[in-house]
There are 2 protein chains.
Amino acid sequence: MQYDDKIPIYYQIKNFIYREIIVGNLKLGEQLPAVRQLAVDLTVNVNTIQRALSELIAEKVIESKRGKGNFVTEDETKIDDLRRRLIDEYLSDAYNNLHQLNVSDQEIIEYLNQYIEDRRKKKS
Amino acid sequence: MQYDDKIPIYYQIKNFIYREIIVGNLKLGEQLPAVRQLAVDLTVNVNTIQRALSELIAEKVIESKRGKGNFVTEDETKIDDLRRRLIDEYLSDAYNNLHQLNVSDQEIIEYLNQYIEDRRKKKS
DNA sequence: TATATTGTAATAGTAAAGTATGACACCGAG
DNA sequence: CTCGGTGTCATACTTTACTATTACAATATA
């Protein structure tokens with residue numbers, strides 16, 4: 001995993017775990033890799049993993065069981081809501097950024113369609 | 001101006017100045033407010049302004065004239081390219097983020113249309 | 001020429017993020 | 001009960017961003 005040096009690593013890891021859950025690489029109730037293992041996998045310090053996890057635990061997306069491990073919540077609704085929230089966040093970020101450049105609603109849609117089409121052509 | 005505490009302030013200011021130019025609040029060749037004034041306006045330290053400006057100067061978006069002031073480049077093409085680059089960046093960020101949540105191309109377009117429509121209704 | 005205004009630079013201090021390391025607490029299996 | 005794996009916590013150190021402050025350099029103008 002490569003990190004954006006403009007955003008705190010712990011925050012990027014938090015979002016990475018969100019994705020893993022939403023995409024299903026981590027199932028509901030499933031145990032996460034041990035923190036020391038995650039630290040190795042994600043090439044950061046255990047404390048940085050802990051920093052990300054502590055926020056996820058506070059949000060009850062992850063449940064921590066001392067001596068056993070960290071587990072994804074069983075609450076499906078919570079994850080569905082999370083997915084919705086992230087999608088909305090990404091959309092509004094893009095919308096706001098583009099609008100601040102004086103790109104109209106109409107143009108935003110056009111540009112996006114064009115972007116996706118260009119991407120298809122390049123077959124990336 | 002309010003800052004996102006997840007992103008360096010100097011970087012947000014740099015992007016703010018990009019926008020001011022692209023939107024036309026700062027015309028080609030126009031003189032920027034003095035660095036000390038910018039610091040007051042943007043409620044940060046002069047050094048932070050300088051940090052943002054030094055990058056813009058390195059990119060030749062801003063030209064610095066010691067003793068006179070900082071000026072927007074006269075190079076219209078440069079600004080057009082910049083606008084294009086930012087738009088593309090915002091689109092690809094959104095696209096990548098959404099794709100990573102397993103949202104398909106089709107759904108991305110649908111969600112965006114829905115987002116914009118919802119926004120219109122709320123009349124915000 | 002003197003003064004105000006502009007950009008530039010250096011120093012020092014604070015805070016947050018990240019690393020390295022070691023210690024402690026809990027749990028389950030042998 | 002002991003041991004290995006788990007999460008948790010604390011301390012110390014480094015780096016980056018930011019602030020505060022001071023000083024210096026170039027320009028325009030009165």
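In what follows, chains are A, B, ... by sequence order, proteins preceding strands, each numbered from 1. Quick note: numbers below take in every heavy atom, side chains included, and nothing from hydrogens, waters or symmetry partners.
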A:Gln37 and A:Asp41: side chain donor to acceptor below 3.5 Å: yes
d(CD, B:Glu55; C1', D:dT16) in whole Å: 13 Å
Side-chain H-bond candidate by donor/acceptor type, A:Tyr95 with A:Gln100, under 3.5 Å: no
5' precedence on DNA chain C between A:Ile7 and A:Arg66 (nearest-nucleotide basis): A:Ile7
Whether over 12 other heavy atoms sit under 6.0 Å from A:Lys6 NZ: yes
Closest-nucleotide ordering on DNA chain D, the 5'-leading residue of A:Gln50 and A:Gly67: A:Gly67
Rounded interatomic separation in angstrom, taking CG from B:Leu56 and P from C:dG7: 14 Å
Spacing of B:Ile9 atom CD1 relative to D:dA20 atom P, expressed in whole Å: 11 Å
Options C:dA23, D:dA25, C:dT6, nucleotide nearest the side-chain atoms of B:Arg36: C:dT6
Options D:dG7, C:dT8, D:dT19, nucleotide nearest the side-chain atoms of B:Ile57: C:dT8
Along DNA chain D (nearest heavy atom to each residue), the more 5'-positioned of A:Asn70 and B:Lys68: A:Asn70
Proximity to the side chain of A:Asn45 - top-ranked nucleotide from D:dA20, C:dA20, C:dC26: C:dA20
Euclidean distance, atom CD of residue B:Gln31 to atom P of D:dA28 [Å, nearest integer]: 11 Å
Any B:Ser54 side-chain nitrogen or oxygen under 4.0 Å from OP1 or OP2 of C:dT8: no
Integer-rounded Å distance: C:dA16 C1' and B:Tyr3 OH: 18 Å
D:dA10 base / A:Asn47 side chain donor-acceptor hit below 3.5 Å: yes
Rounded distance in Å - CZ (A:Arg51) to C1' (C:dT19): 14 Å
Donor-acceptor side-chain pairing of A:Tyr111 and B:Asp88 below 3.5 angstrom: no
Spacing between A:Leu53 atom CG and C:dG18 atom C1', to the nearest angstrom: 16 Å
Interatomic distance where NZ belongs to B:Lys65 and P belongs to C:dT8 [whole Å]: 13 Å
A:Val23 with A:Val61, same ILVMFWY side-chain cluster at under 4.5 Å: no
Closest to side chain of B:Ser64, choosing from C:dG18, C:dG7, D:dT8: C:dG7
